[in-house]
S.K.: 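I have a structure I would like to understand better, so I am pasting it below and will then ask my questions one at a time.
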Amino acid sequence: MNQEIRVRFAPSPTGALHTGGIRTAIFNWLFARKNKGKFLLRIEDTDKERSKDEFTQMIFDNLKWLGIDWDEEPVFQSKNIKNHNKNIHKLLKEKKAYYCYCSPELLAKMRKETEKRGIPFKYPRTCLQLPEKQKEEFESKELPRVVRFLILEGITEYDDLIHGKIKVNNSEIDDFIISRSDNTPTYQIAAVSDDQDMKITHIIRGDDHLSNTPKQILLHKALGFEVPSFGHLPLIFGMNKKKLSKRFGAVSLDEYIDIGILPEAMFNFLALLGWSPGNERELFNKTELIELFSLKGISKNNAIFDIKKLEWMNGKYISSKENYELLPFVLPFWIKMRIIDEKIAEEKKSYLLEVIEILKSRVKKLSEFAEYGYYFFEDPSHYDQPAENKYWKNNIKERLMDLFNSLEKLKVFNKDTIEKSLRQLAELKNISASKYIHPARLAITGFGISPGIFEVMELLGKEAVLRRLKNAVQYLDFSSPNL
RNA sequence: GGCGCAUUCGUCUAGGGGUUAGGACGCCGGCCUCUCACGCCGGUAACAGGGGUUCGAAUCCCCUAUGCGCUACCA
């Protein structure tokens, strides 16, 4: 038991990584780091039809984005086929597997027939009992053949790291195929061979593999290997309680990156989906997560991915991060919205940091820095209509001009002097300060809501503020001359 | 259909024979306040159902229901 713990994350590169896969990676990584073991990567690319290099790259990128590092060179399953075949032949030689010449069409027919009678289909082992002569004839005709693993009678049981004792009667298991008619190994034998090859000690994967496990245990044993430990994670579903799929909202990690989720938030959120450290805290950094992680805290039931909670957590991370740390994450959103370009970004760095400071406590997604903050970069091109109806009435032009004149006199233009000046004006005119504040906000930002308007004005600077006030008056002159 | 796994607020979960069943998100209300957000305070809401075992069951056992997974020459 003193051997080094080695775990693996084994995605197939047939699509973008989704949250379930990511969480499997996180748990494996946490388990390895906690136990000073090794976290390995294996790309299960044996499905030649669907596997794509771009997906492999995406998997690497996604893991890096999350801050998940791996300890040895990634293993590509397709490069181990020789070894898989070696194991298949070993089983064949020891009569633990046999050739089957039944065509897929014949199989489909048999399956249909038994199902019609309500009986679960199992391969009837016709080819196992084939007379030697018949076999020779098939071979000489070069009939396509697969290799089936012979399931012996008995009970297969193991102690699942998460579910506890799992027991399955071997009679429930079909003589599954381990080598296809084109002589390529199937998943079951490939996974078992590679896990041995990589000296994997703990296989932690999704519950969808639960029923594969007895098959794989049998394979490990038949090959004379030591059986690794298995643990099965509950699955993650979308809000509709259905398996995550393209149909229902964002599912791939990339889509969350696109809306502006921070890697720390994603990691924290996913770590807590199906696992709890047993206390009432919610926010943990990676080091704390590693420290606290234990298989014991893993829940047995499937979880639903609640994006609202992710967004809340993301907001927490955004507001607690330093401005300079946020900048590289926010910048792409501003650039994408064409609010600024890279050259300007470098020149105006200190200004950008202040914009981030002023917005970060009220933003849940990085994309909102762009959505809610464009007026830090450009004069409003239009004014929010409901806000206009609400705030711009009764002598509004006169009030905006009065404010303009007051602010124009300021020698020092900061939030304190601005506020003082505005409140003095209100007092002088004997109306409430809010009768200046809200119209000014609308004139300056174009919105009825914004961060504290005095801070916004300070950041924007005297020139821009006065210009925007004047613009608003001009706009009103044109659109509502009688105000 | 068969086999397997599961079932605590809408969601994520804590608890695991005696608790006012705790926390978080969401939602609702209040405070703060120039709006919004943050923050703070408060509220809402759950042990799937039925049988046992027990002085006592959300907790242990059985059954039912429901959900999910697997049942491929996919992984």
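Residue numbering restarts at 1 for every chain, and letters A, B, ... go by the order of the sequence lines.
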S.K.: Need to verify one output field. Residue with the more 5' nearest nucleotide on RNA chain B, A:Ile177 or A:Ile119?
M.R.: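 Comparing both residues, the 5'-ward one is A:Ile119.
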
S.K.: Starting at CZ of A:Phe230 and ending at P of B:rG69, how long is that distance when rounded to a whole Å?
M.R.: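 Nearest whole value for this atom pair: 21 Å.
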
S.K.: Counting side-chain heavy atoms from CB outward, which of B:rU8, B:rG69, B:rG23 is closest to A:Ser211?
M.R.: B:rG69

S.K.: Give the rounded distance in Å between these two atoms: CZ of A:Phe376 and P of B:rC36.
M.R.: 17 Å

S.K.: Of A:Lys364, A:Lys316, A:Lys365, which is the lone residue that meets salt bridge (Lys or Arg N to Asp or Glu O under 4.0 Å) with A:Glu311?
M.R.: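 Option passing the salt bridge (Lys or Arg N to Asp or Glu O under 4.0 Å) with A:Glu311: A:Lys365.
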
S.K.: Any donor-acceptor pair under 3.5 Å between the side chain of A:Arg362 and the base of B:rC38?
M.R.: no

S.K.: Taking the six-membered ring of A:Tyr99 as reference, does the NZ or CZ atom of A:Lys135 fall below 6.0 Å from its centre and within a 45° cone about the axis?
M.R.: no

S.K.: A quick test of your reading: do over 12 heavy atoms of other residues, nucleotides or ligands sit less than 6.0 Å from CG of A:Asp182?
M.R.: yes

S.K.: Closest to the A:Asp207 side chain: B:rC5, B:rU71, B:rC12?
M.R.: B:rC5

S.K.: Name the nucleic acid region contacted by A:Ile453, choosing base, sugar-phosphate or nothing; use a 4.0 angstrom heavy-atom cut-off, strictly under.
M.R.: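 If one applies the 4.0 Å heavy-atom cut-off, A:Ile453 turns out to touch a base.
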
S.K.: Show, in sequence, the C-alpha distance, side-chain angles and deciding distance for A:Asp174 and A:Lys122, and conclude whether the side-chain contact (heavy atoms from CB on, under 4.5 Å) test is met.
M.R.: CA-CA 5 Å; A:Asp174 197 16; A:Lys122 268 178 71 183; 3.8 Å; yes

S.K.: Ring centres within less than 5.5 Å and planes less than 30° apart: is that true of A:His209 and B:rA75 in this structure?
M.R.: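 Stacked: centres under 5.5 Å apart, planes under 30°.
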
S.K.: To the side chain of A:His163, which of B:rC73, B:rG1, B:rC5 is closest?
M.R.: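 From the listed options, B:rC5 comes nearest.
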
S.K.: To the nearest Å, how far apart are A:Asp160 CG and B:rG4 P?
M.R.: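 Result: 15 Å.
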
S.K.: Regarding A:Cys100, tell me which of base, sugar-phosphate or nothing describes its non-hydrogen contacts under 4.0 Å with the strands shown.
M.R.: nothing

S.K.: When we call it a touch if two heavy atoms are under 4.0 Å apart, what does A:Tyr372 touch: a base, just sugar-phosphate, or nothing?
M.R.: nothing

S.K.: In Watson-Crick or G-U wobble terms, both distances under 3.5 Å, what is the partner of B:rC68?
M.R.: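 B:rC68 is paired with B:rG4.
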
S.K.: Measure CG/A:Leu106 against P/B:rA72 and give the value in whole Å, please.
M.R.: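 After rounding, the reported distance stands at 15 Å.
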
S.K.: Which part of the nucleic acid, if any, lies within reach of A:Glu44 when heavy atoms closer than 4.0 Å are counted: base, sugar-phosphate only, or nothing?
M.R.: sugar-phosphate

S.K.: What is the distance, to the nearest angstrom, from the CD1 atom on A:Ile298 to the P atom on B:rA6?
M.R.: 14 Å

S.K.: Any N or O donor-acceptor pair linking the side chain of A:Asp208 to the base of B:rA75 at under 3.5 Å?
M.R.: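 Answer is no: no donor-acceptor pair is held.
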
S.K.: What's the closest nucleotide to the side chain of A:Arg441 if the choices are B:rU35, B:rG26, B:rA75?
M.R.: B:rU35

S.K.: Does B:rG1 have its OP1 or OP2 closer than 4.0 Å to a side-chain nitrogen or oxygen of A:Arg117?
M.R.: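 Answer no for this pair, as no side-chain N or O of A:Arg117 is under 4.0 Å from OP1 or OP2.
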
S.K.: Going by the rule side chain to side chain donor-acceptor pair (under 3.5 Å), which residues pair with A:Glu172 if we only count those two or more places apart in sequence or in a different chain?
M.R.: none

S.K.: Students often get this wrong, so: under 4.0 angstrom with heavy atoms, is A:Arg50 touching a base, only sugar-phosphate, or nothing?
M.R.: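 Base contact.
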
S.K.: Identify whether any heavy atom of A:Gln188 sits under 4.0 Å from a base atom; if not, whether one sits that close to sugar-phosphate; answer base, sugar-phosphate or nothing.
M.R.: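 Here A:Gln188 touches the bases of the nucleic acid.
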
S.K.: Looking at RNA chain B, which of residues 428-440 of chain A put a heavy atom within less than 4.0 Å of it?
M.R.: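 Result for residues 428-440 of chain A: A:Ile437, A:His438, sorted by number.
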
S.K.: Taking only the side-chain nitrogens and oxygens of A:Arg111, find out if one of them lies under 4.0 Å from OP1 or OP2 of B:rA72.
M.R.: yes

S.K.: Return the pairing partner of B:rC73 with a 3.5 Å limit on both distances, Watson-Crick or G-U wobble; otherwise return none.
M.R.: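 No nucleotide pairs with B:rC73.
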
S.K.: Can you tell me if A:Glu115 has over 12 outside heavy atoms packed within less than 6.0 Å of its CD?
M.R.: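 Above 12, so yes.
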
S.K.: Answer yes or no for A:Lys286 and A:Phe267: cation-pi contact, defined as NZ/CZ to six-membered ring centre under 6.0 Å and angle to ring axis within 45°.
M.R.: yes

S.K.: Tell me yes or no: between the side chains of A:Asn212 and A:Tyr187, is some donor less than 3.5 Å from an acceptor?
M.R.: no

S.K.: Scan A:Pro11 against the nucleic acid and name what it touches under 4.0 Å (heavy atoms): base, sugar-phosphate only, or nothing.
M.R.: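 The answer is nothing, as A:Pro11 stays clear of every strand by at least 4.0 Å.
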
S.K.: Partner lookup for B:rC25, please. Criteria are Watson-Crick or G-U wobble with both distances under 3.5 angstrom; report none if nothing qualifies.
M.R.: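 Answer to the pairing question: B:rG10, which forms a Watson-Crick or G-U pair with B:rC25.
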
S.K.: Could you identify which residues of residues 311-319 of chain A place a heavy atom less than 4.0 Å from some atom of RNA chain B, listed by residue number, or say none?
M.R.: A:Trp312, A:Lys316

S.K.: Choose from B:rA75, B:rG69, B:rG4 the nucleotide whose nearest atom is closest to any side-chain atom of A:Leu210.
M.R.: B:rG4

S.K.: Would you classify A:Leu359 as touching base, sugar-phosphate or nothing, given that sugar-phosphate means primed atoms plus P, OP1 and OP2, and contacts are heavy atoms under 4.0 Å?
M.R.: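 Nothing, no heavy atom under 4.0 Å.
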
S.K.: Using a heavy-atom cut-off of under 4.0 Å over every strand shown, decide if A:Gly206 touches base, sugar-phosphate, or nothing.
M.R.: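 Nothing: the residue A:Gly206, judged by heavy atoms under 4.0 Å, touches no strand.
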
S.K.: For the side chain of A:Asp47, starting at C-beta, report the closest nucleotide among B:rU35, B:rA75, B:rC34.
M.R.: B:rA75

S.K.: To the nearest Å, how far apart are A:Ile173 CD1 and B:rA72 P?
M.R.: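 These atoms are roughly 13 Å apart.
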
S.K.: Using purine N1 to pyrimidine N3 plus N6-O4 or O6-N4 for Watson-Crick, or N1-O2 and O6-N3 for G-U wobble, each under 3.5 Å, what pairs with B:rC34?
M.R.: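 Its partner is none (no Watson-Crick or G-U wobble pair with both distances under 3.5 Å).
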
S.K.: Between B:rA37 atom P and A:Leu366 atom CG, what is the distance in whole Å?
M.R.: 20 Å

S.K.: Please work out if A:Thr184 contacts a base, only the sugar-phosphate, or nothing of the nucleic acid, heavy-atom cut-off 4.0 Å.
M.R.: nothing

S.K.: If you check every side-chain atom of A:Tyr187, which of B:rG26, B:rA75, B:rA24 has the closest atom?
M.R.: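 Selected nucleotide: B:rA75.
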
S.K.: Give a yes or no on this: more than 12 heavy atoms of other residues, nucleotides or ligands lie within 6.0 Å of atom CD of A:Glu54.
M.R.: yes

S.K.: Once you apply the 3.5 Å cut-off to both distances, tell me the Watson-Crick or G-U wobble partner of B:rC55, or none.
M.R.: B:rG18

S.K.: Measure from the side chain of A:Val146, starting at C-beta and using heavy atoms only, and say which of B:rA6, B:rC73, B:rA24 lies closest.
M.R.: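 Given the options B:rA6, B:rC73, B:rA24, the side chain of A:Val146 is closest to B:rC73.
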
S.K.: Please compare A:Asn279 and A:Arg148 by the position of their nearest nucleotide in RNA chain B and report the one closer to 5'.
M.R.: A:Asn279

S.K.: Does OP1 or OP2 of B:rU7 have a side-chain N or O of A:Asn302 closer than 4.0 Å?
M.R.: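 Indeed not, no polar side-chain atom of A:Asn302 lies that close.
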
S.K.: Which nucleotide wins on minimum distance to the side chain of A:Lys309, given the candidates B:rA75, B:rG23, B:rC34?
M.R.: B:rG23

S.K.: Do the rings of A:Tyr98 and A:Tyr123 sit parallel, tilted or perpendicular, given the 30° and 60° boundaries?
M.R.: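 The rings of A:Tyr98 and A:Tyr123 lie parallel, inter-plane angle below 30°.
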
S.K.: Evaluate the ring planes of A:Phe447 and A:Tyr374, with Trp represented by its six-membered ring, and classify them as parallel (under 30°), tilted (30 to 60°) or perpendicular (over 60°).
M.R.: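 Answer is perpendicular, since the angle exceeds 60°.
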
S.K.: Above 12 or not: heavy atoms from other molecules or residues under 6.0 Å from NZ of A:Lys109?
M.R.: no

S.K.: Flag yes if more than 12 heavy atoms outside A:Glu153 fall under 6.0 Å of its CD atom; otherwise flag no.
M.R.: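 No - once you tally the heavy atoms of other residues, nucleotides and ligands closer than 6.0 Å, there are 12 at most.
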
S.K.: Between B:rC36 atom P and A:Leu442 atom CG, what is the distance in whole Å?
M.R.: 15 Å

S.K.: From the options B:rU7, B:rG26, B:rC12, select the nucleotide whose nearest atom is closest to the side chain of A:Ala303.
M.R.: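 Shortest atom-to-atom distance from the side chain points to B:rC12.
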
S.K.: Would you call the rings of A:Tyr391 and A:His438 parallel, tilted or perpendicular if under 30° counts as parallel and over 60° as perpendicular?
M.R.: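 Aromatic pair A:Tyr391/A:His438 classed parallel.
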
